[in-house]
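Report on the following structure.
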Amino acid sequence: MIIVLEPDAGSAEVDRIVKTLEEEGVKVHYSKGVDKTVLGLIGDKQILSRLSVERFSGVEKVIHVSEPFKLASRSFHPEPSRVQVGNITIGGGEPVVIAGPCSVESRDQILETARAVKEAGAGLLRGGAFKPRSSPYSFQGLGEKGLKLLAEAREETGLPVVSEVMDPENLDMVAEYVDVLQLGARNMQNFHLLKKVGRTGKPVLLKRGLSATIEEWLMSAEYILNEGNPHVILCERGIRTFETYTRNTLDLSAVPVIQHLSHLPIMVDPSHGTGKWRYIAPMSRAALAAGADGLMVEVHPDPQAALSDGPQSLTVDNFRSMMGELSRPVARIHSGSGT
Ligand code: PEP
Ligand code: MN
């Protein structure tokens, strides 16, 4: 349930409403927007109807939320959320690019990539240290050594780092080194991990599950938000369909759908979305044209020698030229000037 406050409701009136509700065990989320101020209520339906909140002074109207997600919903929080990572802001403004290799493989590899992607305009560096691989015989990541190398790359370049946490057991370790915890597609519904990640209070990049509906994805975000961590960024990375030419089907319609349903920032990962480097630049342009808050792109100094996801990794040169292309037409599309 949502209470829309009257534009001239005073703070004493608002405090009284909040106090009455909290005394009844209702959780109240205050959100002040440009046009309206709302109180999002989470609590027992019977208590809420007994209180008949529409009669409180200062209340303009009461809206019943039919969606199962509340804290993630745009009706609870009408303004777009922004997630701050160092001096980078994700959401509601300039698109941000996260770039780097699928896996951290060596000091030379991660430092060379970090320098190159920074120079080309990336805002954050990615690199997996714990890798979810389909085969137990494939490279599983360097573990803590990989995290240390990422921290070294951040030290040198100033780029905040993003890395996946796969397992509640390693969460404290990963959280110690990274600026953004990535929750991978395969773990989108690992509710135990979601709750624990929520309790760290750190920014989280929550990837869409391989076969997850948008509602399931937002319910996973709800788990993190419900632990008191508002710093959630969603990342569309393609879903399983009957099409096999591309690795996944990049569901760009998720971008406007998420923006309609939720206030959370939404990024797009065209690397896992297509699985082929050739399609990364056009799908990156399309993602930004659709209104995405940013991109996550895999870049490797020598994709043919990559220990994971080589076929979908851009070379440093290709990344540089894609970034050059993106800044021009996208600025045009966003400004709507057509020049
Ligand atoms: C990755 O980012 O390298 C990764 C494994 O992504 P996803 O969880 O989307 O498959
Ligand atoms: Mn990958």
Side-chain angles (χ1 to χ4, degrees), residues 96-105 109-110 113 117 122 124-136 138-143 146-147 149-150 161-167 170 174 178-190 193-194 197 203-212 214 216-217 220-221 224 232-241 246-252 254-255 258 266-277 279-280 283-284 287 292 294-315 319:
V96 171
V97 177
I98 303 174
C102 178
S103 305
V104 180
E105 298 169 3
Q109 175 244 20
I110 192 69
T113 315
V117 299
L124 292 97
L125 175 68
R126 65 150 285 147
F130 293 94
K131 296 303 304 175
R133 303 304 300 278
S134 304
S135 162
S138 302
F139 176 61
Q140 305 283 309
L142 294 181
L147 296 172
L149 293 174
L150 274 176
V161 300
V162 186
S163 199
E164 177 167 353
V165 56
M166 274 175 57
D167 184 331
N170 296 327
V174 180
V178 307
D179 302 284
V180 179
L181 291 163
Q182 176 172 326
L183 262 166
R186 290 154 195 83
N187 265 315
M188 190 205 83
Q189 285 190 314
N190 182 339
L193 184 59
L194 292 169
V197 161
V204 182
L205 185 82
L206 177 63
K207 292 191 132 191
R208 182 175 181 181
L210 279 78
S211 298
I214 289 175
E216 286 164 342
W217 187 17
S220 293
I224 302 169
V232 178
I233 306 153
L234 299 169
C235 182
E236 165 61 48
R237 47 78 71 205
I239 48 174
R240 281 271 166 91
T241 68
T246 47
R247 181 177 178 183
N248 290 291
T249 297
L250 187 59
D251 179 13
L252 286 184
V255 173
I258 289 289
I266 165 86
M267 300 187 84
V268 171
D269 168 356
S271 306
H272 294 85
T274 64
K276 294 183 178 169
W277 70 267
Y279 309 124
I280 309 301
M283 294 316 283
S284 294
L295 302 167
M296 178 182 246
V297 179
E298 289 186 340
V299 179
H300 195 286
D302 181 5
Q304 293 202 7
L307 298 180
S308 60
D309 288 350
Q312 66 190 38
S313 299
L314 292 180
T315 60
F319 179 67

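Counting convention: from 1, in listed order, for ligands and their atoms alike.
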Restricting to N/O/S, name the atom of E298 that gets closest to the Mn ion (ligand 2).
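For E298, the N/O/S atom sitting closest to the Mn ion (ligand 2) is OE2.
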Residue D309 atom name (nearest to the Mn ion (ligand 2); N/O/S):
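The D309 atom nearest to the Mn ion (ligand 2), restricting to N, O or S, is OD2.
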Side chain proximity check, [X] to [Y], heavy atoms < 4.5 angstrom:
| X | Y | result |
| --- | --- | --- |
| Q312 | T274 | no |
| F130 | D167 | no |
| I110 | P101 | yes |

So, the side chain of N248 versus the backbone of L250: is there a donor-acceptor pair under 3.5 Å, distance only?
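No, N248 side chain to L250 backbone: no donor-acceptor pair under 3.5 Å.
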Between R237 and A185, what is the shortest heavy-atom contact and its length?
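Shortest heavy-atom separation between R237 and A185 comes out as NE-CB, 3.4 Å.
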Applying side-chain hydrogen bond (donor to acceptor under 3.5 Å, both in side chains), name anything that partners S103, two or more places apart in sequence or on another chain.
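Checked S103 against side-chain hydrogen bond (donor to acceptor under 3.5 Å, both in side chains); matches are S308.
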Would you check ligand 1 and list the protein residues that come within less than 4.0 Å of it by any heavy atom, ordered by chain and number?
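Within 4.0 Å of ligand 1, protein side: C102, R126, K131, P132, E164, Q182, G184, A185, R186, K207, R237, H272, E298.
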Apply the test side chain to side chain donor-acceptor pair (under 3.5 Å) to residues H272 and D309: give CA-CA distance (whole Å), side-chain angles for both, the deciding distance (0.1 Å), then the verdict.
CA-CA 9 Å; H272 294 85; D309 288 350; 3.0 Å; yes
